[in-house]
Amino acid sequence: DTAVSQTPKYLVTQMGNDKSIKCEQNLGHDTMYWYKQDSKKFLKIMFSYNNKELIINETVPNRFSPKSPDKAHLNLHINSLELGDSAVYFCASSHTSGRDDTGELFFGEGSRLTVL
Amino acid sequence: KQEVTQIPAALSVPEGENLVLNCSFTDSAIYNLQWFRQDPGKGLTSLLLIQSSQREQTSGRLNASLDKSSGRSTLYIAASQPGDSATYLCAVRPGGNNAGNMLTFGGGTRLMVKP
């Protein structure tokens, strides 16, 4: 069973379109994240979200918005896609409260977005 | 602002060698440090996690150390194998108010182990 799963794995779209990437975790974690890995392979945090608060990296354009229908899902919605949005987007989860908070992150396989 | 640096950026070694990957961070107020492995086109696999109160962690042929005061961590790989070829990333989690457990990653070390 995949612990953190993302769909789609590959997404090719035109500039200006709106797209979503879905993420689900079956680990019972309370916090989920979205990271962006650019062409130089640098990983940067975009969002951290649990049922109490959303923390946004200040460098993320407001065209990006996370949406969480429940604790096990955190989807990433992107409006008005731009060429520079092309990257691999990784979802992750962890348990961040109580004595189970080891802080260990578990990642999905990534979703490669190409904007033409 | 936390910055994480990994040296070297790339490393090529013959099979069987022991090797050390380095990670340094600028703000020593961390909660923990985690080493990951990333294979091409794949996600990240957690290798070792060291809490700020710990000095090292071991798993099989891997040993990670942490010197929080000097802002350094090393990942030691013993008796390297071709299957160890991957990119290795270190990441630190901030301490204090936790800032949502948002990790800061280094740029990675791309390792190739030649048969």
Side-chain angles (χ1 to χ4, degrees), chain A residues 2-7 9-10 23 25 27 29-60 66 74 88-112, chain B residues 1-6 8-11 23 25 29-54 57 59 64 66 68 73 86-111:
Chain A
T2 303
V4 182
S5 59
Q6 305 177 220
T7 55
K9 191 169 182 179
Y10 300 97
C23 179
Q25 56 94 5
L27 297 168
H29 287 162
D30 59 3
T31 305
M32 297 182 72
Y33 314 83
W34 278 103
Y35 283 82
K36 178 180 180 181
Q37 188 171 44
D38 61 24
S39 57
K40 295 183 179 179
K41 306 299 183 186
F42 282 102
L43 264 163
K44 291 186 179 177
I45 182 71
M46 299 178 71
F47 305 101
S48 165
Y49 181 80
N50 64 22
N51 59 359
K52 296 178 182 176
E53 65 179 335
L54 169 66
I55 299 178
I56 303 171
N57 184 323
E58 60 189 11
T59 65
V60 176
L74 183 67
V88 182
Y89 293 85
F90 286 97
C91 177
S93 71
S94 71
H95 198 84
T96 61
S97 60
R99 64 179 182 176
D100 293 328
D101 179 11
T102 64
E104 188 173 9
L105 256 67
F106 294 83
F107 280 79
E109 295 266 300
S111 296
R112 182 176 293 276
Chain B
K1 178 187 171 187
Q2 178 74 271
E3 292 183 3
V4 181
T5 304
Q6 291 187 244
L11 182 63
C23 173
F25 45 96
I30 65 170
Y31 187 87
N32 62 33
L33 183 145
Q34 198 167 352
W35 281 93
F36 294 89
R37 168 186 173 138
Q38 185 177 25
D39 292 287
K42 298 289 187 180
L44 279 70
T45 301
S46 178
L47 297 174
L48 290 164
L49 182 146
I50 311 178
Q51 301 296 345
S52 62
S53 58
Q54 297 173 325
Q57 284 287 333
S59 175
L66 175 64
K68 202 173 72 163
S73 175
T87 296
Y88 291 81
L89 295 149
C90 74
V92 298
R93 172 180 167 179
N97 288 329
N98 200 9
N101 192 25
M102 296 164 79
L103 301 187
T104 300
F105 278 83
T109 294
R110 195 168 59 256
L111 172 66

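All figures in this text were calculated on a predicted structure; none of them were measured in a lab. Chain naming here is simple, since letters A, B, ... match the order of the sequence lines and numbering starts at 1 in each.
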Contact class of A:Gln6 relative to chain B, heavy atoms under 4.5 angstrom | neither

Among B:Gly108, B:Gly106, B:Ser46, which has the most heavy-atom pairs under 4.5 Å with chain A?
-> B:Ser46

Residue selection (most heavy-atom pairs with chain A, distance under 4.5 Å) from B:Gly107, B:Ala91, B:Gly43 = B:Gly43

Would B:Phe25 and B:Leu33 count as a side-chain contact (heavy atoms from CB on, under 4.5 Å) if you check the C-alpha gap in whole Å, the side-chain angles of each, and the deciding distance to 0.1 Å?
-> CA-CA 10 Å; B:Phe25 45 96; B:Leu33 183 145; 3.7 Å; yes

Student check: side-chain heavy atoms of A:Leu105 and B:Phe36 closer than 4.5 Å = yes

Salt-bridge criterion met for A:Asp38 and A:Lys36 (N-O under 4.0 Å) | no

Going through the checks in order, is the side-chain contact (heavy atoms from CB on, under 4.5 Å) test met by B:Gln38 and A:Phe107?
-> CA-CA 10 Å; B:Gln38 185 177 25; A:Phe107 280 79; over 6 Å; no

